[in-house]
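Beneath this line is the structure, given in structure tokens, with notes to follow.
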2 protein chains.
Amino acid sequence: MLRAAIDLADVEGVQTLTMRRLAKELDAEAMSLYHHVANKDDLLNGVVDLIANEINDAVEAIDVLSAGAAWKQAARERILTARTVFLRHPWAPPLFESRAAVSPAVVRYHDRLVGLMRDGGFSYDLAHHALHALGSRALGFSQELFDPGDGSAPAEIPEGMAEQLPYLVGMLREVAHDDPDSTLGWCDDQFEFEFGLDLILDGLDRLRSSR
Amino acid sequence: MLRAAIDLADVEGVQTLTMRRLAKELDAEAMSLYHHVANKDDLLNGVVDLIANEINDAVEAIDVLSAGAAWKQAARERILTARTVFLRHPWAPPLFESRAAVSPAVVRYHDRLVGLMRDGGFSYDLAHHALHALGSRALGFSQELFDPGDGSAPAEIPEGMAEQLPYLVGMLREVAHDDPDSTLGWCDDQFEFEFGLDLILDGLDRLRSSR
DNA sequence: ACCTGAACACCGTTCAAGT
DNA sequence: ACCTGAACACCGTTCAAGT
């Protein structure tokens with residue numbers, strides 16, 4: 001049933017994931033779902049937990065050294081592997097963020113990540129701050145609030161925009177110019193994710209070895 | 001009307017911000033709102049834009065040096081000031097993240113932030129990556145996906161939990177022990193936000209001066 | 001024990017009708 | 001031009017009734 005819910009969201013979008021629609025998908029005549037799940041929130045918690053288990057299966061199959069300085073590479077690989085799961089379920093990040101009750105599988109994921117940091121010599125205090133600093137990046141996604149020039153305004157910049165937004169226009173002109181054949185989509189999500197991730201991991205690594 | 005929507009969300013919670021309820025609040029008999037707004041999405045876009053303007057008013061009143069190395073302190077102050085607005089509207093971050101169309105005021109905010117980075121000597125390329133790395137932190141919030149020990153399980157750790165989650169339990173025991181009189185709420189949101197922010201700003205500053 | 005259909009209390013939104 | 005009420009097509013959920 002949770003599997004069916006995930007499949008439905010993957011194929012038709014998360015907004016069509018409704019109790020009635022899901023029941024139809026399962027050839028159950030409507031409100032029988034309530035015998036397997038307390039309410040819709042409970043169903044969504046289950047969906048999150050199942051995806052988190054999918055992530056755990058993927059990352060726990062990785063076998064790399066994590067002692068000392070190797071922690072960083074190990075954490076990096078783990079996080080980027082977790083990310084591949086979200087690439088299959090692009091509707092899932094907002095769902096993960098909206099959950100009040102935390103999924104046991106998500107807790108387990110973070111437990112193991114703290115384990116890697118401990119292997120690297122982190123104090124519990126630093127590991128704690130590290131989890132906060134990473135936030136959703138620890139699980140492999142980062143909610144993009146604002147996608148500067150998401151492909152909408154490629155070549156032509158509206159009249160007066162340069163005066164009102166001098167810096168963004170400047171940035172747009174230069175970065176788009178650097179890579180002329182991809183004027184739209186000049187933000188490489190994967191690159192940007194790794195850039196931000198490395199910035200944080202490097203910073204943590206520096207704190208680790210200075211203590 | 002947008003003001004009324006924000007007040008309603010502040011007082012009664014964002015889930016009660018419904019077209020019918022908002023109309024009642026304005027003593028308008030229900031569906032007259034559609035003469036001032038295309039649909040609910042449009043209303044929410046307006047709400048986001050108004051809050052973003054509130055942020056811009058606050059940060060543009062700041063007058064500090066931003067040339068060269070001073071960029072970092074200027075950006076830090078700006079972001080922490082923006083954050084104070086969200087502390088008044090704690091329901092707003094998910095709304096900001098859910099918007100498809102970007103608010104002009106949000107764009108303006110980011111334009112000025114890039115301006116600070118330019119003052120600090122950033123290339124446009126680095127400023128671009130910096131925006132992505134900061135993500136929602138640039139605007140003063142970070143969606144916490146997982147609040148390790150958010151006050152629920154203070155002293156008593158369930159049987160078997162230590163074996164299943166050795167690292168989180170270890171972390172919980174140590175960090176809670178450090179500050180015994182605040183066993184619940186051992187995560188100081190403001191401190192954690194600044195920790196993560198400084199980690200990123202310091203990393204960017206290092207890249208800035210190494211180029 | 002499990003499923004069902006009708007019903008309830010809500011949504012956002014449309015539309016024809018009022019002033 | 002602005003507001004209104006009824007109605008439509010959806011929700012999640014309750015509940016009494018079926019097998």
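Chain letters run A, B, ... following the sequence lines, proteins first, then strands; residues in each count from 1. Just so it is clear, the model here is predicted, and its values are computed rather than measured.
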Identify each atom pair where a protein N or O and an N or O of nucleotides 16-19 of chain C are less than 3.5 Å apart, giving names and distance.
none

Listed by chain and number, what are the side chain to side chain donor-acceptor pair (under 3.5 Å) partners of A/D202, not counting sequence neighbours?
-> A/K72
With sequence neighbours left out, the residues meeting ring pair (Phe, Tyr, Trp, His ring centres under 6.0 Å) with B/Y34 are none
Given A/L95, which of A/N45, A/L17, A/V48 fulfils the side chain to side chain contact (heavy atoms under 4.5 Å, CB included) condition?
-> A/V48
Can you tell which of C/dC3, C/dG12, D/dG12 lies closest to the side chain of A/M19?
-> D/dG12
Any protein N or O atoms within reach of nucleotides 4-8 of chain C? Criterion: under 3.5 Å, listing atom names and distances.
residue: C/dT4; atom: OP2; partner: A/E29; partner atom: N; Å: 2.9
residue: C/dT4; atom: OP2; partner: A/S32; partner atom: OG; Å: 2.9

Taking OP1 and OP2 of D/dG12, is either one under 4.0 Å from a side-chain nitrogen or oxygen of A/T18?
-> yes
Who pairs with A/F193 by ring pair (Phe, Tyr, Trp, His ring centres under 6.0 Å), at least two apart in sequence or on another chain?
-> none
Output all residues satisfying side chain to side chain donor-acceptor pair (under 3.5 Å) with A/E25, sequence neighbours left out; order by chain, then residue number.
-> A/R21
Please collect all salt bridge (Lys or Arg N to Asp or Glu O under 4.0 Å) contacts where either partner lies in residues 41-58 of chain B, sequence neighbours excluded, each pair once.
-> B/R3-B/E54, B/D41-B/R99, B/E54-B/R88
Within this structure, what is the CG-to-P distance between B/L26 and D/dC2, rounded to whole angstrom?
-> 16 Å
To the nearest angstrom, the NZ-P distance between B/K40 and D/dC11 comes to 16 Å
Taking all atoms of both residues into account, what is the closest heavy-atom pair of A/L2 and A/L43, and its distance?
-> CD2-O, 3.8 Å
Of all of residues 41-51 of chain B, which get a heavy atom below 4.0 angstrom from DNA chain D, listed by number?
-> none
Could B/R118 and B/Y124 be counted as a cation-pi pair, given that NZ or CZ must be under 6.0 Å from the ring centre and within 45° of the axis?
-> yes
Using only side-chain N and O atoms of A/Y34, determine if any of them is under 4.0 Å from OP1 or OP2 of D/dT14.
-> no
Applying side chain to side chain donor-acceptor pair (under 3.5 Å) to A/E163 and not counting sequence neighbours gives none
Should B/L113 and A/Y167 be marked as a side chain to side chain contact (heavy atoms under 4.5 Å, CB included) after you check the CA-CA gap, both sets of side-chain angles, and the distance that decides it?
-> CA-CA 9 Å; B/L113 187 58; A/Y167 299 107; over 6 Å; no
Residue pair A/A38/A/Q15 against DNA chain D: nearer the 5' end by closest nucleotide is A/Q15
Given atom CG of A/L22 and atom P of D/dC10, what is their separation to the nearest angstrom?
-> 17 Å
Pairing of DNA chain D as dot-bracket, 5' to 3': ( ) intra-strand, [ ] crossing, | other strand, . unpaired, with Watson-Crick or G-U pairs under 3.5 Å?
-> ||.|||||...|||||.||
Enclosure of A/E60 CD (heavy-atom neighbours >12, cutoff 6.0 Å) | yes
Figure out the NE2/P separation between A/H36 and C/dA1, and round it to whole Å.
-> 14 Å
Residues that A/F122 engages under ring pair (Phe, Tyr, Trp, His ring centres under 6.0 Å), provided they are two or more places apart | A/W71
The side chain to side chain donor-acceptor pair (under 3.5 Å) partners of B/R76 (sequence neighbours excluded) come to B/E194, B/D198
